[in-house]
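Below: one structure, written as structure tokens.
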Amino acid sequence: MAIEQARPDVFDGMALRADFPVFDRLHRSGRPLAFLDSAASAPKPRVVIEALADAYGHHYANVHRGIYELSEDATARFEAARAVVARFVGASSPREVVFVRNATEAINLVAYSWGRTNLTAGDLILSTEMEHHANLVPWQQLAAETGAALEFVAITDDGRLDLDDLRRRLGRRPKLVAVSHVSNALGTINPVAEIARMAHEAGALVVLDAAQSVPHMPVDVVELGIDFLALSGHKMLGPSGIGALWARRELLEAMPPFLTGGSMISKVTLTGTTWAEVPLKFEAGTPAIAEAAGLAAAIGYLEEIGMANVRAHERFLFERAWSALRAIDGVRVLGPSAPDEHAGVVSFVIDGIHPHDVATVFDHHGVAVRAGHHCAQPVMARYDLPATTRASFYVYNDLDDVARLTEAIHATQQLFRAA
Ligand code: PMP
């Protein structure tokens, strides 16, 4: 890793690309790949790929079972990875971290386990119009099964949560507020600490969908004052198939298990079962063992750069992309304009050209972006759009990618003007 300070608040993303084997290959256009789809899933640095290979090659056995050296080694490494995740999000203990497959599973775990135990008809769940389906559909299901009501905090025309609307709805004393830290469809960074404070004053617990924030900025669960946090490893340079739920320990201890079976028990007889201590109570079956080592390696890589530097880098790229795109006729960028309220996710539409066509033309130019509803159909409905094109930045992006993005927009407009 070579981090050069091209500006005091930004490092050389281009130099980091050498750490990611996927950038070794040229795009079929003959140009380097401009990868602008990290919000969907991020490429892996060599250290993560090597950690996976090392775990599978030299330290692999099932965990929490074997009374032999290799299994004890695998278990120690798995638990060490849990401690790394705990430290990374500011948890007070590794026991507050449950390994799951992804953020979706983490949120479902809360909805099933906490939700079905604590909510009944007449209760209120509050979410927002900004959510990814992962932080929306589980609450719809929970509401349908318990008879609880589900309401959504409105979003403003410039893609921010309407805090007056939040305040009004908190007056109805919801039991739970489920909100994303960063919107994957708009790029908005929500004022989570303020939301959590307001929610707690109203007597609600707070579930934070941090799938798009933990990879990109310092996140501390204690500072934010939240109760549950969901993250996915694959969006933060780690392997797919592993994610984490963080929750305050007393909440986890009071919650019934989500999945049941092996590993999560203390004692089983034919007439009944007692549960293992947290977090194992929530980890039924064989977990993603090597992937945990890969996730710890990804966190190590990010920590070496420094999460404040990651955020500053993406803030800088966002600012440049925002002003470059706003200067192009016929391009509309969604989300807040203030760089402090906007992550490195730039969602935009080009007049008269469907986002799928935009992404197809971009691909011919070696620019990889996402086009569609971004698993946030209510956000598209809010702005009366079928879809948007989304460019998202990470550590390996640089001003060169912003230039490739604007160049691809001009080329797309030209192509459709000529057609
Ligand atoms: N929440 C947000 C804001 C997301 O962007 C995503 C992934 N696009 C998810 C949740 C779900 O993540 P996963 O598919 O890894 O469960």
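For ligands, and for the atoms within them, numbers begin at 1 and follow the listed sequence. In this text the structure is predicted, and so the values were computed from the model without any measurement. One is the number of the first residue; the rest follow in order along the sequence.
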*Side-chain donor-acceptor pair present, S29, H364, cut-off under 3.5 Å*: no
Give one line per pair: atom of ligand 1, protein atom, distance. Only N/O to N/O under 3.5 Å.
from	atom 1	to	atom 2	distance (Å)
ligand 1	1 (N)	D209	OD1	3.2
ligand 1	1 (N)	D209	OD2	2.5
ligand 1	5 (O)	Q212	NE2	2.7
ligand 1	8 (N)	H132	NE2	3.2
ligand 1	8 (N)	K235	NZ	2.8
ligand 1	15 (O)	S232	OG	2.6
ligand 1	15 (O)	H234	NE2	2.7
ligand 1	16 (O)	A103	N	3.4
ligand 1	16 (O)	T104	N	2.9
ligand 1	16 (O)	T104	OG1	2.5

_Check: V278 main-chain N/O paired with R95 side-chain donor or acceptor under 3.5 Å_ = yes
_Between E131 and S180, do the side chains contain a donor N or O and an acceptor N or O under 3.5 Å apart?_
yes
*Any chance you could lay out the salt bridge (Lys or Arg N to Asp or Glu O under 4.0 Å) test for D37 and R370, step after step, and finish with the verdict?*
CA-CA 6 Å; D37 195 23; R370 174 93 183 261; 5.3 Å; no
*Between Y396 and R17, is there a cation-pi geometry (under 6.0 Å to ring centre, at most 45° from the normal)?*
no
_Do R116 and Y112 form a cation-pi contact, if we require the NZ or CZ to be under 6.0 Å from the six-membered ring centre and within 45 degrees of the ring's axis?_
yes
